[in-house]
Amino acid sequence: MSADLELVDLAAEIAREAGELARRRRDEGVHLAATKSSLADIVTDADREVEELIRTRLREARPGDGFLGEESDADPGVTGITWVVDPIDGTVNYAYGIPAYCVSIAAVRGSADPQDWDALAAAVFAPAVGELFTASRGGGAWLGERRLSVTTETPAGALLATGFGYDPSTHDGDLATVRRVMTMARDLRRAGSAALDLSYVAAGRLDGYFERGLKPWDFAAGALIVEEAGGAVTRLDVESARPMIVAGGIDVHARLLELLEDS
Ligand code: LIP
């Protein structure tokens, strides 16, 4: 078995276990642990517990690998492989009981800098609906056993998704961006989880996705899943405080770039 397939199998196994823990904790009742960049930027006890489980399982299976997670300290590791983890992506949905949340786990070669890394394997597991999205470099993108492909035609306009940051002062600018891209859209979705939005682009459930201000762990896995489903993913304004991620089938991705560059 190739090394990348071993990585994706490990990511999938851990994502399932971690996702089931998150689902159990949601059913038991969610407790707010802290707020981060703003009152809206929350972390729950489950976020921290799930990330610790993932980190422990990875350490058991691959001691020496690096780790970058949303809720704990980064570790560069010594093997050249770094795991980029969002224990619960869609945290606000999770806290409100909206079943649109997932565990996102990616293995990258190189540092935990999206400009430098080479993504090798990805797993996004949505426990509330029992859907596991996976991809390995060169091995395609999958929903369970079904191979995924992005959409290629949007005769009625593109079904797009986006998201907004936790800082209210950024909302006006982000809404202006939405207004700009609606010229190519049939409609817009805002589901609240970047990893699921990207996985849905790969599955053809969305034609494209764009969002400013994501963290590496929000998109590390989903971006590889889109690319392995025949799509394209670009980060704009990478030196800014809020880089823009753009994803879609080749045509939608290109049209989004035309509208979003200099936005
Ligand atoms: C979330 C992203 C979402 C974005 C939210 C937040 P979290 O990640 O998945 O796309 O709009 O602002 O960043 O905080 O749930 O891990």
Side-chain angles (χ1 to χ4, degrees), residues 15 18-19 22-23 25-26 30 32-52 54-55 68-72 74 83-106 112 114 122-128 131 133 160-175 177-178 181 188-202 205-206 208-226 233 235 240-248 256 260:
R23 188 180 54 75
R25 292 294 182 258
R26 174 59 265 183
V30 170
L32 182 63
T35 58
K36 298 187 284 188
S37 62
S38 70
L39 279 176
D41 187 2
I42 61 172
V43 55
T44 70
D45 289 335
D47 285 278
R48 291 174 170 170
E49 184 183 7
V50 170
E51 181 158 321
E52 182 53 36
I54 295 169
R55 195 158 193 164
L68 174 67
E70 181 169 16
E71 310 303 348
S72 59
W83 294 89
V84 185
V85 171
D86 192 336
I88 299 177
D89 188 54
T91 301
V92 174
N93 287 345
Y94 183 76
Y96 275 74
I98 299 171
Y101 65 91
C102 62
V103 174
S104 179
I105 299 175
V124 171
F125 180 55
E131 290 191 325
F133 299 87
L160 300 177
T162 191
F164 302 97
Y166 292 121
D167 177 357
S169 70
T170 65
H171 290 170
D172 277 352
D174 289 348
L175 287 169
T177 299
V178 167
V181 302
L188 187 73
R189 298 288 184 268
R190 199 289 189 242
S193 165
L196 285 182
D197 287 333
L198 289 162
S199 298
Y200 286 11
V201 169
R205 295 176 179 174
L206 292 168
Y209 167 67
F210 62 96
E211 183 165 352
R212 275 201 184 283
L214 294 179
K215 305 296 187 193
W217 44 77
D218 292 322
F219 62 82
L224 179 61
I225 294 170
V226 170
V233 181
R235 293 180 72 234
S240 73
R242 300 181 72 234
M244 167 79 81
I245 196 157
V246 180
L256 280 171
L260 291 171

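Just follow the structure's listing: the first ligand is 1, and inside any ligand the first atom is 1. Quick caveat: nothing in here was measured; it's all calculated off a predicted structure.
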### Message
Which residues pass the salt bridge (charged side-chain N to carboxylate O under 4.0 Å, His left out) test with R23, not counting sequence neighbours?
### Response
E20, D27
### Query
Are the charged groups of R242 and D174 less than 4.0 angstrom apart, N to O?
yes
### Message
Regarding E71 and R55, does a basic nitrogen lie under 4.0 Å from an acidic carboxylate oxygen?
### Response
no
### Query
Under a 4.0 Å heavy-atom cut-off, which residues neighbour ligand 1?
E70, D86, I88, D89, G90, T91, G163, F164, Y166, R190, G192, S193, A194, Y209, E211, L214, D218
### Query
Which residues pass the ring pair (Phe, Tyr, Trp, His ring centres under 6.0 Å) test with Y209, sequence neighbours left out?
none
## Note on the structure
Taken in chain and number order and not counting sequence neighbours, the residues that satisfy ring pair (Phe, Tyr, Trp, His ring centres under 6.0 Å) with Y200 are none
### Message
Can you tell me how far apart CG (D197) and CD (E211) are? Round to the nearest 0.5 Å.
### Response
7.5 Å
